[in-house]
Amino acid sequence: MLLRYYLLLASQSLRQAPGITALVVVAMALGIGVSMTIFSTWHLMSADPIPEKSKQLFRVYIDSWNPESPFEGDPNKLPYDLTFRDTNAILGSGIPLREVAMNKSGFVVRPESAEIKAMYADALLTGRDFFAMFNVPFIYGGTWSKQDDKQASPVVVISQSLNDKLFAGANSVGKTLSLDNRSYTIVGVRGHWNPSLRFYDLENDFMKESDDIYGPFSLFAAYELKPNGNTRSWKREEINTYSDLLASEVIWPSVWVELVNKQQKQAYQQWLDAYVVEQKKLGRLQRPLNNQLKNVAEYMEYKEVIDNDTRVMLLIGFLFLLVCMVNTTGLLLARFLGKSPVVGIRRALGASRGQVILQHLVEVALVGALGGLLGLAMTLLGLELIKLLWPELQSFARLNPGLILMALGLSVTAALIAGFYPAWRVCRQAPAFYLKLK
Amino acid sequence: MLKMQNLRSVYRSDLVETHALRDVNLEVEAGEFIAVTGPSGSGKTTFLNIAGLLDTATSGDYFLEGQNVSQLKDNVRSKIRNEKIGFIFQSFNLIPELNIYENIEVPLRYRGFNGRQRRQRIVQAMELVGIASRSKHLPAQLSGGQQQRAAIARALSGEPRFLLADEPTGNLDSLMARQVMELLETINQQGTTVIMVTHDPELARRAKRNVQLLDGEVSDMQQPYAASLRAAQPPQTQQRTSV
């Protein structure tokens with residue numbers, strides 16, 4: 001019952017001093033706006049992109065680098081990708097539930113209709129299990145067959161947006177598509193799938209949208225397709241033909257495996273170690289045995305999706321909120337001490353110190369809620385600014401219901417923290433002290 | 001009903017130590033009407049603040065209805081203030097932004113009364129002091145006498161056992177002062193113990209007992225103030241006693 005009374009008093013009090021109320025609300029809103037703009041971007045970048053199975057999807061690392069010096073000169077680092085021969089060798093162990101190799105490529109798409117211009121489309125050449133592993137939905141058809149993987153069949157899955165452009169959204173399964181002047185049969189159309197980042201391939205511009213075309217990984221070797229993205233090697237090798245590339249120590253593809261439990265992971269790790277030991281006997285992979293399986297979170301951390309600059313920005317955002325809170329404390333202190341004679345009267349009439357503190361904290365919480373609402377509007381403005389300045393952050397610069405609730409909660413909490421001292425200070429003395437001030 | 005034993009109140013600053021009350025001993029029976037008198041700086045307001053639990057004594061004991069209230073926690077003291085003590089101040093101490101109804105409502109809110117109970121008590125108290133038609137007015141819209149009546153209504157609304165009045169007529173003209181004094185007498189006749197601080201000999205004379213404070217010490221004269229002044233000539237012959 002008293003809480004309702006305090007709310008009534010708080011709203012009266014805020015109306016009586018609109019100037020100072022506006023100052024406090026704006027101070028809180030600025031703090032919330034800046035900190036939440038940075039936090040929401042950071043939060044979406046660091047959020048688990050596939051929480052339902054991120055702990056059972058592992059990227060495979062083999063240290064295939066120079067025996068004389070570690071990858072990037074750092075003994076804690078492992079080559080980001082695998083060689084083609086290691087990739088081929090480790091597929092087919094039979095241990096993981098699913099496994100895929102992958103690498104980026106790209107095609108010039110030549111539509112059948114003359115009305116549609118030719119366009120370049122990003123492609124991911126991978127295994128048929130990619131879609132099941134990463135929970136990729138289909139609107140038409142499905143993935144290609146195992147046979148297609150083995151035989152490097154010219155089959156593709158296209159994205160919904162490409163299907164919209166080329167076939168006006170109609171079911172295009174079974175139709176052919178001309179990619180780099182070669183005909184491919186469409187076996188499926190991927191539904192809307194736009195994870196906050198391309199978490200399965202952080203080596204190559206992970207802020208880009210998902211690919212438009214997916215085909216079997218075996219197409220690389222069959223059609224001698226150019227692998228896009230980083231290709232690196234520690235060894236001086238003559239690479240004159242595509243076969244030279246495939247047989248070289250150049251690293252470019254990657255492998256993901258789905259291991260559903262500890263035993264499976266352990267078995268796969270042992271199998272991987274055994275493979276490397278065998279390769280060592282053949283004179284390859286002479287670095288210390290260090291094969292690793294990194295799950296999605298570990299992979300994102302290893303690839304520093306959230307780099308130190310972002311962390312510093314986040315810190316600055318919250319320091320700014322702290323500055324706003326200090327300002328709020330000052331404003332509230334002035335406001336509450338100005339009202340201290342009324343506090344004296346209320347205390348004389350039976351309000352305990354706790355009740356007076358609570359009454360003021362309710363007022364502060366109300367200010368915090370108003371500041372939070374205005375802060376949300378400022379956050380939206382801030383996010384628009386981020387999109388304008390850094391278009392690559394498009395998919396991260398947004399608010400979701402959780403972040404909206406968090407902004408309001410943070411604002412109320414920050415206001416309560418900022419307002420506690422003034423609320424306590426105003427009834428620190430005996431009531432007689434404040435009555436004397438009247 | 002109210003008993004003070006060796007009550008001392010000392011204010012300390014970096015440079016000086018001021019003894020506002022020195023070993024005050026006093027007993028007040030239920031239903032009494034006491035005038036506390038004394039010159040400025042004699043400790044009257046400090047006495048009233050301690051009696052009304054608005055301040056704490058430096059040492060000594062203070063019993064209210066048999067309970068030692070000297071060392072009670074703030075929330076217990078606040079509850080006692082709210083339920084047992086009514087205050088009337090010289091400057092009325094109405095909350096300026098609340099109307100008269102809302103001002104009278106304040107102690108009843110802290111008491112936990114529901115809306116119906118509050119309304120009943122407020123209307124009753126306003127009718128008793130004759131300001132029922134002013135319930136929606138802000139304090140600034142009323143005369144000094146009406147404001148003091150509102151303050152008395154607020155003090156009475158909780159039906160306190162003690163009414164502590166600090167110069168209740170100090171800011172009023174003589175007509176208003178007389179009316180307020182009559183109101184206090186009526187309240188006292190209905191059983192409420194009244195302790196009134198005043199330096200008006202006329203008002204003090206109307207109390208049943210006078211307590212004089214001089215330099216923080218109590219001189220209980222058991223007689224109206226004006227008579228005591230005559231008896232106290234020359235001042236050095238006056239006998240100070242504790243009661």
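Every chain is numbered from 1 and lettered A, B, ... according to where its sequence line falls, protein lines coming before strand lines.
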### Message
Please identify, among B/Glu102, B/Glu97, B/Arg77, B/Arg111, the residue contributing the most non-hydrogen atom pairs under 4.5 Å to chain A.
### Response
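When all of B/Glu102, B/Glu97, B/Arg77, B/Arg111 are compared, B/Glu97 has the most.
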### Task
Sort out for me which of B/Asp55, B/Asp74, B/Thr45 touches chain A most, counting heavy-atom pairs under 4.5 Å.
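It is B/Asp74.
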### Message
Can you tell me how far apart CZ (A/Arg346) and CG (B/Asn82) are? Round to the nearest 0.5 Å.
### Response
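One finds 12.0 Å between CZ of A/Arg346 and CG of B/Asn82.
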Side chain, backbone, both or neither: which part of [X] has a heavy atom under 4.5 Å from chain A?
{"X": "B/Asn49", "result": "side chain"}
{"X": "B/Arg154", "result": "side chain"}
{"X": "B/Ile85", "result": "neither"}

### Query
Any donor-acceptor pair under 3.5 Å linking the side chain of B/Arg81 with the backbone of A/Arg347?
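Yes: the side chain of B/Arg81 pairs with the backbone of A/Arg347.
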### Query
Checking B/Asn75 side chain against A/Ser352 main chain: does a donor-acceptor pair fall under 3.5 Å?
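No, the answer is negative, given that no donor and acceptor are paired below the 3.5 Å cut-off.
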Taking [atom1] in [X] as the centre, count heavy atoms belonging to other residues, nucleotides or ligands within less than 6.0 Å. Is the count above 12?
{"X": "A/Gln12", "atom1": "CD", "answer": "yes"}
{"X": "A/Met325", "atom1": "CE", "answer": "yes"}
{"X": "A/Glu52", "atom1": "CD", "answer": "yes"}
{"X": "A/Lys387", "atom1": "NZ", "answer": "yes"}

How far apart are the closest heavy atoms of [X] and [Y], and which atoms are they?
{"X": "A/Gly350", "Y": "B/Tyr110", "value": "O-CB, 4.2 Å"}
{"X": "B/Phe89", "Y": "A/Ala348", "value": "CZ-CB, 4.2 Å"}
{"X": "A/Pro431", "Y": "B/Leu54", "value": "CD-O, 3.2 Å"}

Ignoring hydrogens and angles, write down the donor-acceptor pairs under 3.5 Å from the side chains of residues 18-37 of chain A, residues two or more places apart or on other chains.
residue, atom, partner, partner atom, Å
A/Thr21, OG1, A/Leu14, O, 3.0
A/Thr21, OG1, A/Ala17, O, 2.7
A/Ser35, OG, A/Gly31, O, 2.7
A/Ser35, OG, A/Ile32, O, 3.4
A/Thr37, OG1, A/Gly33, O, 2.5

### The single option from A/Leu349, A/Leu9, A/Leu8 passing side chain to side chain contact (heavy atoms under 4.5 Å, CB included) against B/Arg109
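It is A/Leu8; the other options fail the test.
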### Task
Evaluate the side-chain proximity of B/Phe92 to A/Ile345: yes if any heavy-atom separation is below 4.5 Å, no if none is.
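They are not in contact (no side-chain heavy atoms under 4.5 Å apart), so the answer is no.
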